[in-house]
There are 2 protein chains.
Amino acid sequence: MKLTDKKRMQILDAAEELFHSSGVEHTSMDQLALQAKVSKRTVYNHFATKDALFQAILQRMFDKLAEGGEVRFDATQPIAQQLRRIAQDEVALLSSAAFLRVAKIAIMQVMQRPELAQHMNNSSLGCKRYIDNFLTDACAAGVLQIADIPFAGKQFIYQLKSFVFYPSLFGLEQQTPAQQAHIINEAIALFLARYQSKPG
Amino acid sequence: MKLTDKKRMQILDAAEELFHSSGVEHTSMDQLALQAKVSKRTVYNHFATKDALFQAILQRMFDKLAEGGEVRFDATQPIAQQLRRIAQDEVALLSSAAFLRVAKIAIMQVMQRPELAQHMNNSSLGCKRYIDNFLTDACAAGVLQIADIPFAGKQFIYQLKSFVFYPSLFGLEQQTPAQQAHIINEAIALFLARYQSKPG
DNA sequence: CATGTAAACTGCACGGTGTAGTTTATATAT
DNA sequence: ATATATAAACTACACCGTGCAGTTTACATG
């Protein structure tokens, strides 16, 4: 690997670390150069401004997270089991260190500069990408009965986010795998109690 | 009212306004004194440091919010109607300018200084104070069937928070009263589908 | 294998700016 | 009279971003 690429990576790694632990505002470029083991001038040779560096960090972290499989509706499988797969993937994402890092950095920035909010929200990660399609198919197959599919999808995701993501984000507590399993089971039970088609 | 108390209030009002609109970091003490129509020296006569002023603001805002009625379970009324009262109160709180202000300021600080997280979380506002008692009574009366009452209470509140509070907090969108009514209805429908006692 | 060279890195000083908090001298309210 | 408010200048410091002289790295050419 070229030296310049190595240095660039050191800078990005340091920025990710410091922006996360101290916030963008409280991270000085001197401190950052020190942590990256790079001269401050080199930082500025790679990134014209602090804001450019911040944008690059955010992009890199989003790219890292963009992967992730899609669960498609399968009429031959029990609906609960399929929802569990979706929920497990989502909880794994929401509680991953990588996701929490980018979320914390992004949210801190958004709260300080509300004008950036719209720009951020358009990036679709996790099951948000496909859940509407999944629910539509499940309704078409007669397994679920949902009047407002996007709303119901949000209800499901929000259950997971509220119990898993926000508590971690605000530094309150992490869940054990057993607790996560309980959260997932209850989210599914709640969802199916409302939307599963009744026989008869 | 004494002059000094009047000035103190002007300072607190200005701080609340500016800390909310610009963030604590981006509010200078000069700007603050200007907005309060008070000399900067007077600010420092009342509050030794910027941080002391911030703490005072937070305390005052919490105190303002600490009021609020309690809904007690009433076996003679339909459960859906009682849950609607609770939800309406909660949504009114969560979408009030006062609550959003203190929440934004507090959360920004918590995210920058995680060691303060525990301290904040212990303050109980809104229906969080009484919902466990309400659900316990409703179960005892046979109207609801809930295995894990604290968990179910959270499920209910989190529905409201997710749809009403976080989107406003992150500056994404405000809901119209009609949308809020829809959110409340769906939260209740979801909750009762899962937990309402079935006849038979 | 020796030498040249272009690109990248380093270290440091510096300009400009913003801001927390202080000082001083004066005016005003109770 | 005496405590408090005011205005404006001042100190001390932290930070962003730049300029530059000199050094290192990677690689090509003789």
Side-chain angles (χ1 to χ4, degrees), chain A residues 1-60 105-106 108-116, chain B residues 1-60 104-106 108-109 111-113 116:
Chain A
M1 177 184 282
K2 284 189 166 177
L3 177 67
T4 183
D5 294 334
K6 200 180 113 198
K7 296 288 176 183
R8 188 188 181 87
M9 238 185 53
Q10 289 176 20
I11 294 168
L12 288 169
D13 289 343
E16 186 174 318
E17 165 71 25
L18 291 178
F19 285 174
H20 174 256
S21 65
S22 313
V24 178
E25 305 291 320
H26 283 67
T27 301
S28 78
M29 295 300 265
D30 290 286
Q31 189 186 358
L32 197 151
L34 193 70
Q35 165 107 7
K37 290 175 184 161
V38 147
S39 78
K40 186 163 76 159
R41 207 59 188 80
T42 297
V43 175
Y44 278 100
N45 284 340
H46 281 279
F47 304 98
T49 66
K50 191 180 183 179
D51 198 70
L53 174 56
F54 168 69
Q55 298 295 339
I57 276 292
L58 225 54
Q59 191 56 56
R60 189 180 76 150
I105 295 175
M108 281 172 65
Q109 264 323 90
V110 162
M111 291 182 74
Q112 272 176 4
R113 298 170 56 183
E115 71 274 13
L116 303 179
Chain B
M1 175 183 284
K2 283 186 168 175
L3 178 66
T4 182
D5 294 336
K6 199 180 113 197
K7 296 289 176 185
R8 187 189 182 87
M9 239 186 53
Q10 289 175 21
I11 294 168
L12 288 169
D13 289 343
E16 183 175 322
E17 166 70 25
L18 290 177
F19 285 175
H20 172 256
S21 66
S22 313
V24 178
E25 306 293 319
H26 285 68
T27 300
S28 76
M29 296 299 265
D30 289 289
Q31 190 188 355
L32 198 151
L34 192 71
Q35 165 106 9
K37 290 175 183 160
V38 147
S39 79
K40 189 160 75 151
R41 196 61 188 85
T42 298
V43 175
Y44 278 100
N45 283 340
H46 283 279
F47 304 98
T49 66
K50 190 180 183 179
D51 199 69
L53 173 56
F54 168 70
Q55 299 295 339
I57 276 293
L58 223 54
Q59 191 56 56
R60 190 180 75 149
K104 180 174 168 186
I105 295 174
M108 279 173 64
Q109 283 299 309
M111 291 183 76
Q112 273 174 5
R113 299 168 56 182
L116 303 180

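Source: prediction; values computed, not measured. The figures that follow rest on heavy atoms only: side chains count, while hydrogens, waters and symmetry mates do not. Labels below follow one simple rule: chain letters A, B, ... track the order of the sequence lines, proteins then strands, and each chain is numbered from 1.
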Atom-pair distance ([atom1] on [X]; [atom2] on [N]), nearest Å:
X      : N       : atom1 : atom2 : value
L53(B) : dG21(C) : CG    : C1'   : 14 Å
F47(A) : dT18(D) : CZ    : C1'   : 18 Å
D51(B) : dT19(C) : CG    : C1'   : 15 Å
M29(B) : dA9(D)  : CE    : C1'   : 18 Å
K37(B) : dA7(D)  : NZ    : P     : 12 Å
D5(A)  : dA26(D) : CG    : C1'   : 13 Å
E25(A) : dC16(D) : CD    : C1'   : 12 Å
D30(B) : dT22(C) : CG    : C1'   : 12 Å

Distance (rounded to the nearest 0.5 Å) between N45(B) CG and S39(B) OG: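 It is 7.5 Å, given to the nearest 0.5 Å.
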
Interatomic distance, L53(B) atom CG to H46(B) atom NE2 [nearest 0.5 angstrom]: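 Going from the CG atom of L53(B) to the NE2 atom of H46(B) covers 11.0 Å.
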
When all nucleic acid strands are considered with a 4.0 Å heavy-atom cut-off, which category describes [X]: base, sugar-phosphate, or nothing?
X      : value
K6(A)  : nothing
K7(B)  : sugar-phosphate
T42(A) : base
H46(A) : sugar-phosphate

Any T4(A) side-chain nitrogen or oxygen under 4.0 Å from OP1 or OP2 of dC9(C):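 True: T4(A) side-chain N/O within range (under 4.0 Å) of dC9(C) OP1/OP2.
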
Which nucleotide in [options] has an atom nearest any side-chain atom of [X]:
X      : options                  : value
N45(B) : dC15(D), dA5(D), dT10(C) : dA5(D)
S28(B) : dC9(C), dT19(C), dA5(D)  : dT19(C)
Y44(A) : dT18(D), dG21(C), dA8(C) : dT18(D)

Closest contact, heavy atoms only, I11(A) versus F47(A):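 That closest heavy-atom pairing would be CG2-CE1, 3.8 Å.
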
For L32(B) against L18(B), the heavy-atom pair lying closest together: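 Reported closest heavy-atom pair: CA-CD1, 3.7 Å.
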
Salt bridge (charged side-chain N to carboxylate O under 4.0 Å, His left out), paired with D13(A), selected from R8(A), K6(A), R60(A), K7(A):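 Exactly one pass, corresponding to R60(A).
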
Closest-nucleotide 5' rank along DNA chain D - winner of H26(A) and A48(A):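 So the residue in question is H26(A).
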
Check: dG21(C) base within 3.5 Å donor-acceptor of R41(B) side chain: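 Such a pair does not exist between side chain and base.
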
N/O donor-acceptor pair, side chain K40(A) with base dG17(D), under 3.5 angstrom: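 Yes, a donor-acceptor pair under 3.5 Å.
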
